[in-house]
Amino acid sequence: GLIDYTRSGFYTILPLATMVMNKLKNKIRDLALREDFQEIELPKIQPTKFLKSSGRFCSFQKEIYRLSEEFGDLCLCPTNEEAINYLIRDKLFNRQLPLAFFQFSEVFKNNTPARGLISSSEFHVFESYSFHHNAEKVNEKVSSFEKIVEELADFANLELHYVQTENKDYGNYLEKVSTGQHKFLLCQRGHASLYESGERCGKCGERNLKERGLGIAMYKIFDDSFARNAKASFVDSRGETKFPYLATYGIGLSRLIYSIVDSNRDDEGIVWPATLVPFEYFLSPQFGRDLEQSSKTTQIYTFLKSHGKNVLFDDRINERIGSKIKTSRFLGIPKTIVVTKTKIMLQKRNEKTQSEINLESILK
């Protein structure tokens, strides 16, 4: 009930997952705005000349979805470093730096083979970019992004490991997942490094555990080459023409959904973090064919909705109540309400027994 297969690499995000993703977006947006990133929305179709200007078209060519020639030399956006530099070209002044932008978007990569939400052809992402006078100033924004990732991990009940690499201009945040595409070493004190970098942790010298991780967030610091190729210059306080340094930051929203479900579940199904629960209540009559019970359940549904409660009303007629309750627990809905002829019964996701309630006690 979270996603639906369309074709290899492409998936429809269904209502349940969309509700969770919107909560993630709202949280990330609040954090990004707090850290002085400004929200924009870049086109998802861009001229291939952007990628050609940076010299990356050749390296990305096999992954790019190109439009037919009748539409011009265009492609579905695989990445936006070039596009963001063309955006600021001829718009920069010394007093405007630093500049930082973010967007929620989809990027497209012709990945083969696709692996569900882990490695699909259409990625739902949060991506952000910042421009700075020099390399030293970039690190301040990297610290801002690290705060965003840390607070997001707490919000989503995830344990993300920052993986050290030899290249200090690149940082990767991994969630420990058995199906992850990265091998990394995790020491007992929480430090992490790529698998290739050795068998003992460089920080504390303790032996590492071999793990697999899924890349959830990343940042990369570039030099001024992107701005130079796009001719996006500024004039500094000395009157000299310079090109700003670029840093790019990303969070994979599709992978985030996958990782949250993988890390928050039990034998019966999903156990959503309280911050991300799509529905607070699962509501159903005991017997769907009983008109009296159905009418009573509809009244309760209307009552709960009028008081701001988020309710999933299971009005399937031919499904047995036991199967419905199993569905409720599988979907991770915290509270299940079953309406009989004479009673209203409540069962919480973390409890095995039901208790009789009235509408007033629900609101409390």
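Bear in mind that the values here come from a model prediction, so they are computed numbers and not experimental data.
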>> Are Ile337 and Ile317 connected into the same hydrophobic cluster when the rule is that any two of I, L, V, M, F, W, Y join if their side-chain heavy atoms are below 4.5 Å apart?
In response: no
> Same cluster for Val125 and Leu51 if Ile/Leu/Val/Met/Phe/Trp/Tyr side chains link at under 4.5 Å?
Replying inline: no
A quick test of your reading: do over 12 heavy atoms of other residues, nucleotides or ligands sit less than 6.0 Å from [atom1] of [X]?
X	atom1	result
Lys52	NZ	yes
Arg320	CZ	no
Glu41	CD	no

> Taking the side chain as C-beta and beyond, is there a heavy-atom pair between Gln103 and Glu39 under 4.5 Å?
Replying inline: no
> Checking ring-ring contact (aromatic ring centres under 6.0 Å, His included) for the pair Phe108/Tyr65: CA distance, chi angles, key distance, verdict?
Replying inline: CA-CA 7 Å; Phe108 302 87; Tyr65 286 100; 7.0 Å; no
For the pair [X] and [Y], find out whether any cationic side-chain nitrogen is under 4.0 Å from an anionic carboxylate oxygen.
X	Y	result
Arg329	Asp266	no
Glu159	Lys176	no
Glu268	Lys352	yes
Glu292	Lys341	no

Can you label the angle between the [X] ring and the [Y] ring as parallel, tilted or perpendicular, going by 30° and 60°?
X	Y	result
Tyr219	Tyr173	tilted
Phe126	Phe104	tilted
Phe313	Tyr301	tilted

>> Looking at Phe222, I'd like to know if the NZ or CZ of Lys220 sits under 6.0 Å from its six-membered ring centre while staying within 45 degrees of the ring's axis.
In response: yes
> Does the cation-pi check pass for Lys309 over Phe303, that is, NZ or CZ under 6.0 Å from the six-membered ring centre and within 45° of its axis?
Replying inline: no
> Given Asn85, which of Phe50, Phe243, Phe131 fulfils the side chain to side chain contact (heavy atoms under 4.5 Å, CB included) condition?
Replying inline: Phe131
>> Within the 3.5 Å criterion, strictly below it, is a donor on Ser54 or Glu81 matched to an acceptor on the partner's side chain?
In response: no
